[in-house]
Asker: 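So that we are looking at the same thing, I have put the structure below in structure tokens.
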Amino acid sequence: MAPDTTITAAAPGKNSPDWWRSVESACQGRWADSKAFEAEPDDSRPKKFITVAYPYPNSPQHIGHGRTYTLADVHARFWRLRGYNVLFPMGFHYTGTPILGMARRVQDKDAELIGNLRDIYGVSERDIGTFADPLTIARYFHNEIKMGMKEMGYSIDWRREFTTIDPAYSKFVEWQISTLRRLNLIIQGSHPVGWCPKDQNPVSQHDTLGDVEPAFTEYVMIKFAVDGYAVPVATLRPETVFGVTNLWVNPDTTYRKVAVSRDGDGGNDPKAEKWIVSAECAYKLGFLGYAVRDEGEIAGSDLVGEMASEPELLYQQPQQQQQPRSNGPGRKIPVLPAKFVEPGTGTGIVMSVPAHAPYDWQALRDLQGSRDGDDSIPQGSSAAAAAVAPPVKSLAASVLPISIIRTDGYGDVPAADAVSAIPDCEGQSDPRLEPATKELYSKEFYEGVMSRDGPTAQFGGMPVREAKDAVGAWLADSGCAEAFLEIADAPVRCRCGSECVVKVLNDQWFLNYGDPKWKEAAHGCLNGMDILPDEIRQEFAHVVDWLHERACARQHGLGTKLPWDDNWIVESLSDSVIYMAYYTISRFVNDGTVTPEQMVPEFFEYVMAGRGRNIGGADGADPPSGGNPDENLDAAVAKWRSESGIPDDALEAMRREFEYFYPVDYRHSGRDLVPNHLTFFVLNHVAIFSQEMWPRGIVVNGSVLMDGSKMSKSMGNIIPLRKAIREFGADPIRLAIIISAELLQDADFNMESVHGMRSKLEAMHAECVRLGERGGEGEGGSVGLGDANTRQDAAPSPEDVWLLSRMRQITSSVSESMEKMRLREALHLVLFETESVLQWHARRAAAKRRLESDTHGILRAVTTTRVTMLQPFAPHVAESMLEALGYSHEARAVAAWPAPAGLGPADHAALQAESLLKSVLDDIASILKVTKITPSRIILYVSGDGSPKRAIYRNVLQSVLGGESSMKQVMGGLMSRSDAAYAKKMPEYVQKAIADILSDPVTIREARLAASGPAGDSDNGGDGDADDATSGTGGTAGQEPFSESSFLASELPGIALATFGAKTDVYSEGDPDIYDPQSKARHARPFKPAIFIE
RNA sequence: GCGGGAGUUGCCAAGCCUGGUCAAAGGCGUAGGGCUUAGGACCCUAUCUUUUAGGAGUUCAUGGGUUCAAAUCCCAUCUUCCGCACCA
């Protein structure tokens, strides 16, 4: 006897963590020894290829990661038990930037990061010391995660493991990206990114202090002119350009005069323009694709009082001739001072639209403040106004608002309305102007319409929300305006401390997901896929529609270089979209069958696209199966093959491996990857592979909450998986994860639940030990239910028949749930539903004083079935349970998923009989509860076999089963039957019969129809049609009709005595010797006996 | 804004697709009991209101509607969570 088998069969002792560890390590050792999960092509078996998104090794796994992998593992194990050849592999995603960022932070001795590593992730000081090297980090956590996966019992084929920086993988990515380019799906263009000027790096959320995602504000920069200089203003509301009355500069700021050029350098480019902007703006322009050369400064105060020209475009429009704007065409507008102008925002110069912008309105009022006779001057602004130089004041006084947008609920000058709604406004620095501005903007944006007359005539009647873009485009097309991007939630700081800017990258490579043909193919693929759960399907469809160009290359980080441009590295989501195919050959890389040098693009074309297999050759039967026909390529591959140096048999083995396992049957991942990875996965497959290699299924799961709240480092509620395994055991954790929520829901994980699962499993195991100690006829044989019917005597007990029937139902429900990945439901059935079924059986058996030897056979059989179904969920302890039940090593190794048929036919008659028994017990209990009597005798009156109620009941049953369940319909049906016209006299009974029937499950109804007498017994000929339709149901056709009175007389007294401590008599309604002191018997209805208790 | 979810009896959470088996699973909490006097261990019972006969009443965000029948289907409203790109 092998030592491992003795370890696991023992019951858990006092120290349950030790016991769990021993069970787990024994099982895991056995799996490894028997290479249980090393899948090879096998044409005699159907295959399933199940994959999960591989982990990024920048932290250890926690429970949240554990969920996705556990779901996938249960899935893989389930199909394996169903006889499929399942491949379930794993890799590690090294490419990307976060690990680089971590390494940099370790170098910088970042206290927060080091604290987290030490306290939350439990990394030793010594190891942390080595983390200055990014690869060391990746390898450390790679190992950590892998150990955790093994300890969780994931059924992974580890021979195929790889990392995304392996040279061979890089070759694969080169092939992928070159293929996409050959198919013209990769394009080049410009693209803005958050940028750290010091590191010369794009920044993302991981790279910023406080993990802020750099977001952009897109301004329209409109160029006014002063003295031969362009004076650009940045605005979010380009449509208001028609209402500009003046410009604002900050008088305390020193502006820069700069030479700006789109290309070349600002100084020497003859086309360079001279601009005046704030120093901050000049700096930012340098990152936005402009060449900027400083040519001196000018004080804001010196700009005040200058007159600016608006863009020519605005007064060239013929429409405006009808009603010239106040200052006339080609008008000049004054430059005025305002303190609210921030040099760090936009260009540091602002256009003023006093009719529609509360700040502008108020700032003008502040300047005009001392005007005589105006008693509406806000308090507090007089002092400021007094300081305004007289020429400026008179300039300001000449400015009149130009109204250009009509909005319901506002007057001609909405900004004035908005400001006057602020009591005692304290001038342009009043903080209440901010919300007022937001509100007015929002109202005008959604409800406003451009005025039909005046300067806006060209856009007259257009809703503002459309005019905004239309005017912006109109200005830009004419060269009067340009886009200006700025960090929205500034300042965003890089981890190095410097402030980030927006940088426009000019030669960025994009995957053109906007290509309509590509989208169409992706939709086609999705439509044919099994998406679990199906609710998420429309989300995929929407993402496909919504995707457009996506950057697929970056300049820094770990990864594979673009084959045609080694300044760029393949972006790390783009290098992970078809890698499942790589699993089919990675074991050949790992064992040295093929070397990275040999893995040229032609290699992949041969193995994965089937090219070059029949050129000049053998059968010509296989057309090239690549998704993209290309004869030159075929020829090239054929040529390559003859000189590749890879032995034919090795090459064929790889091709066979790919052909056998591909496509992916199910791809598992978290819900967060739906809008990116999972959709890219589909898109890239349809682009690169031929249709028969397109993925067949996706399984999406929700995230994990810890005790109801999100897991986060700051809350300290991250529990590393390996720590949890040590404490509770892998199987209890697996079950707690599965039982906590259905697939798409967020799972609320908590330790109590793990605890509960552990005791549940321990109790089950103890039961197995008990059953196993008695031995069993199936001992050493196959694991199954062949020994279920072990009773030697002829007639099995009703409760045994019932138990087997229920198990059959449960088994088929579990199978169905598993196929749809409703694992929570499946596990619930295995654990709890089965439990309550067994409890009822035990109660029945105990009431009959059946001996253990009598029930042992059936209990062992049922428990075996249950444990078999538990295997995918709790693989370790289930194996130990099977062993405890007495099954040999060999039998356990092949223990297959139970087929419902193995339990014999479900006996609906037995199901309905037990249901009757239970409802009678419930009725007795509720009578006792209400009356509070202590029963000494219970008398039952069963509706008489020949009573008219039976005939009515049967007819009603037929009506209801036939879909007619309203009183009207049922009565109509009854009337048409000659003998049932009797029903007319007892409509209230008919009503009750309908209610009785509707309160039973359909299977019970059907069984009762079959049980309520042979077809046609109460019919005077004629309508045999209805009877034929139902006579076969319930599996009791040809048997004796079910007799309520004899069933209850034999089965009820024992259990009633055990339950209520009273003896029971059962009478039929019409019995001559009936004991019925309170005339209860007349209340008896079929399957609802009347009860009298004394 | 665009898109996708969610709102159930003290809490968490099933059920809704396939309307009647739903006063509504399961877990937690609470109360009582047992295990006989260690345990944050285990087991049983109860847990919307009402009821001395198995019954009745009122519930499943809110308001309408469809139906013999609605937590479940339809419409509207309110509240709330998540994703929106170069980032794994």
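Computed from heavy atoms alone, side chains included, the values below leave out hydrogens, waters and symmetry copies.
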Asker: Can you check the distance between B:C22 and B:U59, where both ends of the measurement are the C1' atom (answer in whole Å)?
Answerer: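 That atom pair is separated by 11 Å.
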
Asker: For the C1' atoms, the ones on B:U51 and on B:C44, what distance do you get once it is rounded to whole angstrom?
Answerer: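 Approximately 26 Å lies between the C1' atom of B:U51 and that of B:C44.
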
Asker: Write down the distance separating the P atoms in B:G5 and B:C75, rounded off to the nearest Å.
Answerer: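 Between the two P atoms, the distance is 14 Å.
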
Asker: Quantified in whole Å, what is the P atom distance between nucleotide B:C16 and nucleotide B:G7?
Answerer: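 After rounding to an integer number of Å, I get 13 Å for this pair.
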
Asker: Can you check the distance between B:C82 and B:U77, where both ends of the measurement are the C1' atom (answer in whole Å)?
Answerer: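 Between the two C1' atoms, the distance is 22 Å.
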
Asker: What does A:P1089 touch in the nucleic acid at a heavy-atom separation under 4.0 angstrom: a base, only the sugar-phosphate, or nothing?
Answerer: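 It contacts base atoms.
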
Asker: A:H677 has an atom NE2; how far is it from atom C1' of B:G83, in whole Å?
Answerer: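 Rounding to the nearest Å, NE2 of A:H677 and C1' of B:G83 are 17 Å apart.
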
Asker: Could you identify the nucleotide paired to B:C84, looking across every strand shown and requiring Watson-Crick or G-U wobble geometry with both distances under 3.5 Å?
Answerer: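 Pairing partner, where one exists within any strand: B:G1.
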
Asker: A:P98 has a side chain; which of B:C87, B:C17, B:G54 sits nearest to it?
Answerer: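 Of all the options, the side chain of A:P98 is nearest to B:C87.
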
Asker: Both distances under 3.5 Å, Watson-Crick or G-U wobble: report the partner of B:A69, or none.
Answerer: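 Across any shown strand, B:A69 pairs with none.
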
Asker: Nearest to the A:Q839 side chain among B:C87, B:C44, B:G83, which nucleotide is it?
Answerer: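 Of the options given, the side chain of A:Q839 lies nearest B:C44.
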
Asker: Between B:A24 and B:A13, how far apart are the C1' atoms? Round to whole Å, please.
Answerer: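 One C1' to the other, the span is 13 Å.
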
Asker: What closest approach, in Å, do A:Y989 and A:R1085 show between heavy atoms, and which atom pair accounts for it?
Answerer: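 Between these two residues, the closest heavy atoms are CE1-CD, 3.5 Å.
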
Asker: Determine the minimum heavy-atom distance between A:L1009 and A:Q958, stating which atoms define it.
Answerer: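 For A:L1009 versus A:Q958, the nearest heavy atoms are CD1-CG, 3.7 Å.
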
Asker: With rounding to the nearest 0.5 angstrom, report the CG to CG distance, A:L744 to A:D534.
Answerer: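 Spacing of CG (A:L744) from CG (A:D534) equals 11.0 Å.
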
Asker: Could you state the CH2-P distance from A:W195 to B:C86, rounded to the nearest angstrom?
Answerer: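 Whole-Å distance recorded here is 14 Å.
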
Asker: On a whole-Å scale, what distance lies between the P atoms belonging to B:G54 and B:G10?
Answerer: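 So the two P atoms sit 27 Å from each other.
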
Asker: Establish, with yes or no, whether the OP1 or OP2 oxygen of B:G4 is under 4.0 angstrom from a side-chain nitrogen or oxygen of A:Q538.
Answerer: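 For B:G4, OP1 or OP2 has a side-chain N or O of A:Q538 closer than 4.0 Å.
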
Asker: Within the structure shown, what part of the strands sits under 4.0 Å from A:Q745 by heavy-atom distance: base, sugar-phosphate, or nothing?
Answerer: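 If one applies the 4.0 Å heavy-atom cut-off, A:Q745 turns out to touch the sugar-phosphate alone, with no base involved.
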
Asker: Classify A:S926 by what it touches in the nucleic acid, base, sugar-phosphate, or nothing, heavy-atom distance under 4.0 Å.
Answerer: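 The residue A:S926 makes sugar-phosphate contact but no base contact.
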
Asker: Counting N and O atoms only, with roles assigned by atom type, does the side chain of A:S574 sit under 3.5 Å from a partner on the main chain of A:V570, one being a donor and the other an acceptor?
Answerer: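 Not confirmed, A:S574 side chain does not pair with A:V570 backbone.
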
Asker: Which sits closer to the 5' end of RNA chain B, A:K929 or A:E833, going by the nucleotide each is nearest to?
Answerer: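 The residue mapped nearer the 5' terminus is A:E833.
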
Asker: Could you work out which one of B:C42, B:A53, B:C86 sits closest to the side chain of A:S759?
Answerer: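 Out of B:C42, B:A53, B:C86, the nucleotide with an atom closest to A:S759's side chain is B:C42.
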
Asker: Out of B:G26, B:C86, B:A53, which nucleotide sits closest to the side chain of A:H828?
Answerer: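 Closest nucleotide to the A:H828 side chain: B:G26.
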
Asker: Looking for any heavy atom pair under 4.0 Å, which part of the strands does A:R671 touch: base, sugar-phosphate only, or nothing?
Answerer: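 Here A:R671 touches the backbone only, sparing every base.
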
Asker: So what does A:A995 hit on the nucleic acid, given a heavy-atom distance under 4.0 Å: a base, only sugar-phosphate, or nothing?
Answerer: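 No contact.
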
Asker: Using only atom types and a distance under 3.5 Å, with no angle test, would you say the side chain of A:R550 pairs donor to acceptor with the backbone of A:L547?
Answerer: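 Side chain of A:R550 to backbone of A:L547: no pair is present.
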
Asker: Can you work out whether A:A551 or A:D922 has the more 5'-proximal nearest nucleotide on RNA chain B?
Answerer: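 This one resolves to A:D922.
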
Asker: Nearest to the side chain of A:A1090, heavy atoms from C-beta on, is which of B:C87, B:C17, B:G54?
Answerer: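 The listed nucleotide nearest to A:A1090's side chain is B:G54.
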
Asker: Side chain of A:F832 only, please: which of B:G26, B:G54, B:C44 is the nearest?
Answerer: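 Selected nucleotide: B:G26.
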
Asker: Roughly how many Å is it from CZ in A:R550 to P in B:C84, rounded to a whole number?
Answerer: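 Taking atom P of B:C84 as the reference, CZ of A:R550 is at 10 Å.
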
Asker: Under a 3.5 Å cutoff, is there a donor and acceptor pairing between the side chains of A:S576 and A:Y54?
Answerer: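 Looking only at side-chain atoms, A:Y54 and A:S576 do form a donor-acceptor pair, the distance falling under 3.5 Å.
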
Asker: Need one value for A:D672: base, sugar-phosphate or nothing, where a base atom within 4.0 Å counts as base even if backbone is also close, heavy atoms only.
Answerer: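 The answer is nothing, as A:D672 stays clear of every strand by at least 4.0 Å.
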
Asker: If we take the P atom in both B:A71 and B:A23, what is their distance in whole Å?
Answerer: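 Those two atoms are separated by 9 Å.
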
Asker: Just the rounded figure in Å: distance from C1' of B:A14 to CD of A:E742.
Answerer: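 It is 9 Å, rounded to the nearest whole Å.
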
Asker: When the distance from CD of A:E539 to C1' of B:C81 is rounded to whole Å, what number comes out?
Answerer: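 Whole-Å distance recorded here is 13 Å.
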
Asker: I want to verify a distance call: between B:G15, B:A53, B:C87, whose nearest atom is closest to the A:E571 side chain?
Answerer: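 Side chain of A:E571 sits closest to B:C87.
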
Asker: What orientation do A:H542 and A:W546 show, parallel under 30°, tilted 30 to 60°, or perpendicular over 60°?
Answerer: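 Ring orientation of A:H542 relative to A:W546: parallel.
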
Asker: If you measure only the distance, is there a donor-acceptor pair under 3.5 Å linking the side chains of A:H523 and A:D545?
Answerer: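 On atom types as modelled, these side chains qualify, holding a pair under 3.5 Å.
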
Asker: Of all the nucleotides listed (B:G5, B:G20, B:A13), which has the minimum atom distance to the side chain of A:L998?
Answerer: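 Selected nucleotide (nearest to the side chain): B:G20.
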
Asker: Please state how far atom CD1 in A:I738 lies from atom P in B:A14, giving the value in whole angstrom units.
Answerer: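 Those two atoms, CD1 and P, are 15 Å apart.
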
Asker: Using a cut-off of less than 4.0 Å, is there contact between a side-chain N or O of A:T931 and OP1 or OP2 of B:G54?
Answerer: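 No.
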
Asker: Considering every strand and a 4.0 Å limit on heavy-atom distances, what is the contact class for A:I1093: base, sugar-phosphate, or nothing?
Answerer: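 The residue A:I1093 makes base contact.
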
Asker: Tell me: CH2 of A:W546 to P of B:C86, nearest whole Å?
Answerer: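 My rounded result for the distance is 11 Å.
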
Asker: Using whole Å, report how far CD1 of A:I569 lies from P of B:C86.
Answerer: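 Interatomic distance, CD1 of A:I569 to P of B:C86: 17 Å.
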
